[in-house]
Amino acid sequence: MTGRIVETEAYPPGDRSGHSYRGRTARNGSLFLDKGFAYVYFIYGTSYMLNVTSEEPGVGAGVLLRAIEPLEGINRMKRHRNTEKLRDLARGPGRLAAALQINQRLDGVDLCASGPLWLGTAVRETAHIGATVRIGITREVDRPLRFFEVSNPFVSGPRIEIRIP
DNA sequence: AAGAAGATTCGCT
DNA sequence: GCGAATCTTCTTA
């Protein structure tokens with residue numbers, strides 16, 4: 001299965017809404033790995049979230065993958081998500097993880113090496129990227145750290161860019 | 001030890 | 001649009 005990442009959110013070092021803010025714990029350990037590793041956690045009793053670490057070892061920061069445009073293996077994704085709606089397959093972080101069968105077994109995996117899950121280089125030309133505040137958080141709510149491909153229908157949430165003063 | 005919150009989703013109205 | 005589902009983690013609200 002493959003997909004194009006169309007929506008992300010950054011949780012940089014020191015951000016009070018980031019899981020690393022209160023230091024390293026059993027759950028967030030992989031967030032402190034080197035850049036390019038997977039940090040997977042379970043939330044709300046229903047959903048897995050997939051993050052890519054983004055800083056030097058020991059820092060603790062990452063990027064949440066919020067949506068992908070399904071490209072290959074669509075029938076498998078439909079089965080994993082138990083729906084026929086292409087647009088809903090991976091629109092939202094929990095749906096993305098479900099479609100790709102992301103779970104705790106992938107926590108800590110190197111996404112820049114060959115393995116069960118990896119990041120590749122985009123084939124299509126980069127389109128216009130918009131930014132807004134992040135979705136679903138309660139702290140640091142004003143930071144414009146959500147990024148998305150403006151014209152892409154597989155993006156979850158608003159596709160209108162905010163103005164940065 | 002207990003309780004609340006949480007980077008969400010789904011189904012019903 | 002709203003509320004329930006569901007469970008792990010961290011705080012003491």
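Labels below follow one simple rule: chain letters A, B, ... track the order of the sequence lines, proteins then strands, and each chain is numbered from 1.
Under a 4.5 Å side-chain heavy-atom cut-off, the cluster of Ile, Leu, Val, Met, Phe, Trp and Tyr residues that includes A:L33 is completed by A:F37.
Contacts with DNA chain C (heavy atom under 4.0 Å) in residues 7-25 of chain A: A:R22, A:T25, listed by number.
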Protein proximity profile, nucleotides 8-13 of chain B - base contact B, sugar-phosphate-only contact S, no contact -, cut-off 4.0 Å on heavy atoms: BSS---
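Among residues two or more places apart in sequence or in another chain, the salt bridge (Lys or Arg N to Asp or Glu O under 4.0 Å) test is passed with A:D34 by none. Checked against side chain to side chain contact (heavy atoms under 4.5 Å, CB included), A:T83 has the following partners two or more places apart in sequence or in another chain: A:R81, A:K85, A:L89. Not counting sequence neighbours, the partners of A:E7 by the salt bridge (Lys or Arg N to Asp or Glu O under 4.0 Å) test are A:R66, A:R146. In this structure, A:F32 has no ring-ring contact (aromatic ring centres under 6.0 Å, His included) partners at least two apart in sequence or on a different chain. Under the ring-ring contact (aromatic ring centres under 6.0 Å, His included) criterion, A:Y48 pairs with A:F42, sequence neighbours left out.
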Paired and unpaired positions of DNA chain B as dot-bracket, Watson-Crick or G-U wobble under 3.5 Å, | denoting a partner strand: ||||||.|||||.
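The salt bridge (Lys or Arg N to Asp or Glu O under 4.0 Å) contacts involving residues 94-113 of chain A comprise nothing, where partners must be two or more places apart or lie in separate chains. Annotation: salt bridge (Lys or Arg N to Asp or Glu O under 4.0 Å) contacts involving residues 43-55 of chain A, sequence neighbours excluded, are absent. For residues 121-131 of chain A, every residue pair satisfying the salt bridge (Lys or Arg N to Asp or Glu O under 4.0 Å) rule, not counting sequence neighbours, is listed here: A:E69-A:R124.
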